Asker: 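I am attaching a structure below and will ask some questions about it afterwards.
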Number of protein chains: 2
Amino acid sequence: MSTVTSTLPTPATRMPAAERRELILASATEVFGEHGYAGTTTDQVAQAAGISQPYVVRMFGTKENLFLEVMGRALGKLKVAFREVIAESASPDETAHRLGAAYADLITDRGILLALMQSFVQGGDRVVGEAARCGFLEIYALLRDEAQLTPEQVRDFLAHGMLFNTLIAIQLPLAYDTSADARELMDVAFGAKLQKVLGAAGSKK
Amino acid sequence: MSTVTSTLPTPATRMPAAERRELILASATEVFGEHGYAGTTTDQVAQAAGISQPYVVRMFGTKENLFLEVMGRALGKLKVAFREVIAESASPDETAHRLGAAYADLITDRGILLALMQSFVQGGDRVVGEAARCGFLEIYALLRDEAQLTPEQVRDFLAHGMLFNTLIAIQLPLAYDTSADARELMDVAFGAKLQKVLGAAGSKK
DNA sequence: GTCTATAGGATGATAGAC
DNA sequence: GTCTATCATCCTATAGAC
């Protein structure tokens with residue numbers, strides 16, 4: 001019998017580089033979002049993307065660079081979402097009103113918000129910190145200049161966004177059924193977006 | 001010459017266990033606050049506390065347990081600070097007003113707020129997450145029941161607190177002198193507390 | 001484009017001396 | 001109460017085959 005040209009253990013289907021990049025970035029966003037920069041291994045990302053660990057490194061050079069690209073991608077999606085709202089709104093006040101719902105919608109884009117939050121707590125890192133500061137300021141400037149909100153309006157929007165992030169990060173929805181306090185806090189914090197949030201939380205693996 | 005009873009390399013001065021515990025917890029709070037749970041090594045904590053790595057583990061059993069104790073300690077300090085404000089205030093509205101300043105004061109207690117934030121982003125962890133949810137709800141209940149704020153008031157206070165945490169985490173004060181946007185955002189977000197915040201940020205190692 | 005093998009460097013925790 | 005020595009594991013990154 002001739003040597004069987006070994007069918008290797010599921011070598012991931014060939015895929016154009018650009019597509020694979022996006023797939024890895026999406027997977028990495030989820031994993032980094034849940035475990036943080038240091039808490040995530042390149043192997044976890046690889047498994048989430050269905051490829052080998054060295055290939056992840058090969059494609060992004062270093063874990064740090066992968067994280068930076070995840071940040072950039074997340075920030076980009078944030079901007080797109082905000083600009084959509086701005087374009088659809090007739091006045092700054094309407095923008096301010098709609099922005100909250102748009103932010104809540106981003107929870108559907110698995111990990112985006114959590115990955116950004118993970119980048120914030122990494123602010124002490126020289127390179128990640130610099131990127132986080134720049135990114136945060138870009139959002140601030142966008143809301144002030146393009147959405148034409150006052151600094152106070154931007155501040156309040158960002159504040160409630162950070163609370164939103166935090167409640168999602170600690171997975172408060174898990175306590176919705178067992179704690180009256182949790183229910184009350186979520187009701188007052190999420191308002192009309194509650195159902196959407198609970199839905200997204202429920203779909204967690 | 002008789003064998004010299006070796007003077008070991010600076011064996012940390014003997015200290016009662018309780019005192020050493022507190023010293024380690026304080027050091028750990030700073031390190032965990034800056035690098036997060038996974039990003040912190042027990043050796044970093046040990047060095048910050050001026051003792052050996054195994055001794056840290058010996059005293060707290062596991063790194064996870066050390067982190068949980070850091071969380072508990074930070075939460076305790078938060079409660080104490082809030083209750084002081086409540087006791088000194090004549091009305092819920094006055095409490096609401098003063099609470100912000102009290103929160104900003106906590107930035108002096110190196111790492112407390114950042115360590116808590118690090119616990120939030122660790123919310124996906126079974127045991128840390130549970131502790132984070134409980135802790136957050138305790139604060140919510142305290143502000144509502146003891147400070148007698150409305151759920152909406154508590155939400156808004158927490159929201160601005162989370163923004164405060166975030167701006168500190170990304171070390172925005174570093175950009176205060178070089179970015180007009182950073183200056184504007186910090187002015188509107190910190191208000192009267194700005195000087196205190198800048199002072200604390202400047203004292204960073 | 002993707003994988004296997006593996007080097008090289010931490011890191012958490014244990015054992016046991018002083 | 002505190003340290004030294006050390007193990008076992010894990011993890012990023014490289015080398016090189018297919």
Side-chain angles (χ1 to χ4, degrees), chain A residues 2-28 31-32 34-70 122 125 127-128, chain B residues 2-28 31-32 34-70 122 125 127-128:
Chain A
S2 56
T3 41
V4 181
T5 40
S6 63
T7 307
L8 294 170
T10 329
T13 353
R14 260 172 171 270
M15 195 180 283
E19 198 174 330
R20 182 112 275 166
R21 275 184 75 83
E22 168 58 22
L23 196 158
I24 298 176
L25 283 174
S27 306
V31 185
F32 276 129
E34 179 148 4
H35 303 291
Y37 175 67
T40 293
T41 71
T42 52
D43 192 53
Q44 282 176 297
V45 173
Q47 282 182 241
I51 58 178
S52 70
Q53 179 267 333
Y55 192 29
V56 172
V57 175
R58 171 68 79 98
M59 197 157 235
F60 292 90
T62 64
K63 176 180 161 179
E64 180 177 71
N65 196 63
L66 171 59
F67 188 75
L68 290 172
E69 298 223 30
V70 164
Q122 204 63 20
D125 180 286
V127 32
V128 173
Chain B
S2 56
T3 42
V4 181
T5 40
S6 64
T7 309
L8 294 170
T10 330
T13 354
R14 261 173 172 269
M15 197 180 283
E19 197 174 331
R20 182 114 273 164
R21 273 184 77 84
E22 168 57 21
L23 197 159
I24 298 177
L25 284 174
S27 306
V31 186
F32 276 129
E34 179 148 3
H35 304 290
Y37 175 67
T40 294
T41 70
T42 53
D43 192 52
Q44 282 176 296
V45 173
Q47 283 183 238
I51 57 175
S52 71
Q53 179 267 331
Y55 192 27
V56 172
V57 175
R58 172 67 79 98
M59 195 157 238
F60 292 90
T62 64
K63 177 180 162 181
E64 180 177 71
N65 195 63
L66 171 59
F67 188 74
L68 289 173
E69 297 221 29
V70 164
Q122 205 63 22
D125 181 284
V127 31
V128 174

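Order of the sequence lines sets the chain letters (A, B, ...), proteins ahead of strands, with each chain counted from 1. This structure is a prediction, so every number in the text was calculated from the model and none was measured.
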Asker: Applying side chain to side chain contact (heavy atoms under 4.5 Å, CB included), can you list everything that pairs with A:A38, at least two apart in sequence or on another chain?
Answerer: B:A38
Asker: So which heavy atom on A:A28 is nearest to which on A:V70, and how close?
Answerer: CB-CG2, 3.7 Å
Asker: For residues 36-59 of chain A, which residue pairs pass the ring-ring contact (aromatic ring centres under 6.0 Å, His included) check, not counting sequence neighbours?
Answerer: A:Y37-A:F67
Asker: Please determine, for the side chain of B:R20, which listed nucleotide (D:dT2, C:dT2, D:dG1) has the closest atom?
Answerer: D:dT2
Asker: Quick one: A:R14 CZ to C:dC3 P, roughly how many Å, whole number?
Answerer: 11 Å
Asker: Expressed in angstrom and rounded to an integer, what is the separation of A:Y55 atom OH from D:dC18 atom P?
Answerer: 19 Å
Asker: Which residues pass the side chain to side chain contact (heavy atoms under 4.5 Å, CB included) test with A:V57, not counting sequence neighbours?
Answerer: A:T42, A:Q53
Asker: Pick out the pairs of N or O atoms, protein on one side and nucleotides 9-13 of chain D on the other, that lie under 3.5 Å.
Answerer:
residue: D:dT12; atom: OP1; partner: A:T40; partner atom: O; Å: 3.3
residue: D:dT12; atom: OP1; partner: A:K63; partner atom: NZ; Å: 3.1
residue: D:dT12; atom: OP2; partner: A:T42; partner atom: N; Å: 2.9
residue: D:dT12; atom: OP2; partner: A:T42; partner atom: OG1; Å: 3.0
residue: D:dA13; atom: OP2; partner: A:K63; partner atom: N; Å: 2.9
residue: D:dA13; atom: N7; partner: A:Q53; partner atom: NE2; Å: 3.0
residue: D:dA13; atom: N6; partner: A:Q53; partner atom: OE1; Å: 3.0

Asker: Restricting to side chain to side chain donor-acceptor pair (under 3.5 Å), what partner residues turn up for B:Q47, sequence neighbours left out?
Answerer: none
Asker: Identify, between B:M59 and A:R58, the residue whose nearest nucleotide on DNA chain D lies closer to the 5' end.
Answerer: B:M59
Asker: May I have all residue pairs that pass salt bridge (Lys or Arg N to Asp or Glu O under 4.0 Å) and include part of residues 55-66 of chain A, sequence neighbours excluded?
Answerer: none
Asker: Going by the side chain to side chain donor-acceptor pair (under 3.5 Å) test, which pairs reach into residues 15-24 of chain B, not counting sequence neighbours?
Answerer: B:R21-B:E69, B:E22-B:R73
Asker: Would you mind reading off the distance between A:I51 atom CD1 and C:dT4 atom P, rounded to a whole angstrom?
Answerer: 12 Å
Asker: Can you measure A:F60 atom CZ to D:dT14 atom P for me and round it to whole angstrom units?
Answerer: 16 Å
Asker: Taking all atoms of both residues into account, what is the closest heavy-atom pair of A:N65 and A:F60, and its distance?
Answerer: ND2-O, 3.1 Å
Asker: Show me the protein contacts with nucleotides 7-9 of chain C, counting only N or O atoms at under 3.5 Å.
Answerer:
none

